[in-house]
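Comments concern the structure below.
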Amino acid sequence: MASKMVMCDPCSRLNKSSEGLKYCTDCEDTLCTDCAALHSAVKLLASHHLVDVSVTTGNTFNIKKDCGDHEGMCYEFYCSDHDCLICRTCMANTHRTCGKIQPIDVAAKGCTSSTMLEDITKEITSLLNATKELVVDRQENKTLVKEIKAKVLKVIAKFRQDINDHLDQLEKKLIYEVDTIDKTNREKARNDLKTGHHIKSCTAAGRPFGIAVVTETDEAVVTLSNVRSMQFINLTTVTIGRQIDIDVSRPHGIAVIRDSVYVGSCDGKVSIINLVSKKCVKTVVIGIGYITAVIPFVKDREELLYCCIFWCWKSCQLYQVGRNSCFLFTCKRTNDFSTGF
């Protein structure tokens, strides 16, 4: 990309366009070839310092010309004893005893070819080279850090993948073990059901027929068909509990709904007995025969009672008892008396 052309300041003030090639550090003006020649020809301007305009590119020249101690006075002399620029007032007041005071242009003669300037130039060149090497080194370090970061991220990703693979294998192994245990337990339960296993027994006070579990307790209640009573059994300890006499003719089927016990009789009736008062609160006539099974059921918020009646020793009838009681069906029986569902 070409650099922007610098215009000559004196020509610009005369509404002319000329490229500036020199820069006067005293006037702080950029000069074209003609203006630079004229600048050097004028006696008052001949002592001004001209430099190539390329030196000023990207730099700001701020050359201090006025004395910092005496307002309105400009620097005109150089004191070698104090290595500083001074004005005429400084020379008369504070530098009267100094041995070597020269005009600035005299003291500056030959400075461009002095040994000190050469040493300074070498030092600056050395610093510039060191700076360039530092920049290159930092750039290489930046690239190296980027490469190391990519390698570390790759290692982390591989480590994460290895962990995921290990967890997947562990999950499969555990699932296989759980499935194996479940299969073994199911097989054992199936075999136990096939072979049967006697845990414990107890003797009731009469001949038991029907049995029902009392919800939210560890008890069940059985009907004793030959003594017109029912008796509780503790299911945890398998021990006989309290016995309640009931006014039911040969009780058979039984069901428990909350605080009420529904007991089927041998004459087609279902007696509802309150567990608290132990009294029969209601008797419902279902049909004729032995009610061998009583099953409670809730449908659409309506409590229904299904009763199985064994009749004439050869048939079984199913009734639905509720708000709209009805007979459901009759089936023929050819086996023994213990009919139920």
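- We find the CG-CG distance between L21 and L50 to be 11.5 Å, quoted to the nearest 0.5 Å.
- Note that CD of E123 is 9.0 Å distant from CD1 of I120, once rounded to the nearest 0.5 Å.
- Among all heavy-atom pairs drawn from V294 and P296, the shortest one is O-CD, 3.9 Å.
- Considering every non-hydrogen atom in both L85 and Y75, the closest pair reads O-CE2, 3.3 Å.
- For the pair L224 and A204, the tightest heavy-atom approach, listed with the atom from each and the gap, is CD2-CB, 3.8 Å.
- At least one side-chain heavy atom of H70 sits less than 4.5 Å from a side-chain heavy atom of N93.
- Put simply, the side chain of Y78 does not reach to within 4.5 Å of the side chain of V106, judged on heavy atoms.
- In this structure, CG in L45 is found 9.0 Å from OG in S40, a value given to the nearest 0.5 Å.
- For residues 221-233, the side chain to side chain donor-acceptor pair (under 3.5 Å) pairs, not counting sequence neighbours, are R228-D247, S229-Q243.
- Taking a cutoff of 4.0 Å between a charged side-chain nitrogen and a carboxylate oxygen, K16 and D34 do not qualify as a salt bridge.
- Side chain of T184 to backbone of T180: a donor-acceptor contact under 3.5 angstrom is found.
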Verdict with reasoning, R242 to E219, per side-chain contact (heavy atoms from CB on, under 4.5 Å): CA-CA 11 Å; R242 65 191 185 279; E219 288 185 317; 3.5 Å; yes
Working for side-chain contact (heavy atoms from CB on, under 4.5 Å), residues C202 and I240: CA-CA 7 Å; C202 61; I240 293 298; 3.7 Å; yes
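- If you take OG on S249 and NZ on K269, they are separated by 8.5 Å, rounding to the nearest 0.5 Å.
- A 4.5 Å side-chain heavy-atom check between E28 and D9 finds every atom pair outside the cut-off.
- In plain terms, the two heavy atoms of T292 and F209 that are nearest each other are O-CE2, 3.4 Å.
- For the residue pair D267 / Y290, no side-chain donor-acceptor distance below 3.5 Å is found, with atom types taken as modelled.
- The shortest distance between side-chain heavy atoms of C35 and C11 falls below 4.5 Å.
- S260 has its side chain out of reach of L275: every pair of non-hydrogen atoms, C-beta onward, lies at least 4.5 Å apart.
- I254 approaches G210 most closely through the heavy-atom pair CG2-C, 3.5 Å.
- No continuous path of ILVMFWY side-chain contacts below 4.5 Å connects V227 to V221, so the two sit in separate hydrophobic clusters.
- Using a 4.5 Å cut-off on side-chain heavy atoms (C-beta onward), Y262 and I273 make no contact.
- Note on V261 and V248: same hydrophobic cluster, where clusters join Ile, Leu, Val, Met, Phe, Trp and Tyr whose side-chain heavy atoms are under 4.5 Å apart, directly or indirectly.
- For the 3.5 Å distance criterion, the side chains of N234 and T237 qualify, holding a donor opposite an acceptor.
- Comment: E216 does not engage R258 in a salt bridge, judged by the lack of any side-chain N to carboxylate O separation of less than 4.0 angstrom.
- H39 is listed as a side-chain neighbour of C24, based on a closest heavy-atom distance under 4.5 Å.
- Interatomic distance, I86 CD1 to C67 SG, rounded to the nearest 0.5 Å: 9.0 Å.
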Full working for side-chain contact (heavy atoms from CB on, under 4.5 Å) between D29 and R13: CA-CA 11 Å; D29 269 349; R13 287 191 285 269; 2.8 Å; yes
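- Open room surrounds CZ on R96; 12 or fewer heavy atoms of other groups in view lie less than 6.0 Å from it.
- Applying the salt bridge (charged side-chain N to carboxylate O under 4.0 Å, His left out) test to every pair with at least one member in residues 157-179, sequence neighbours left out, gives these pairs: K158-D162.
- V238 is not connected to I211 by any chain of hydrophobic side-chain contacts under 4.5 Å among Ile, Leu, Val, Met, Phe, Trp and Tyr, and they are in different clusters.
- Without hydrogens or angle criteria, H252 side chain to R250 main chain gives a donor-acceptor distance under 3.5 Å.
- A single hydrophobic cluster is seen to contain both I291 and I257, as judged by linkage of ILVMFWY side chains at heavy-atom distances under 4.5 Å, directly or through other members.
- The distance from atom OG1 of T131 to atom CD1 of I124, rounded to the nearest 0.5 Å, is 11.0 Å.
- At a threshold of 4.5 Å between non-hydrogen side-chain atoms, the residues C8 and T30 do not count as touching.
- In the hydrophobic clustering of ILVMFWY residues, with side-chain heavy atoms under 4.5 Å counting as a link, M230 and I233 come out apart.
- Side-chain N or O atoms of N129 include one that pairs as donor or acceptor with a backbone N or O of T125 at under 3.5 Å.
- The main-chain N or O of G99 is found under 3.5 Å from a side-chain atom of D81 such that the two form a donor-acceptor pair.
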Audit row: I246, V263, side-chain contact (heavy atoms from CB on, under 4.5 Å) steps and yes/no: CA-CA 9 Å; I246 53 178; V263 180; 4.1 Å; yes
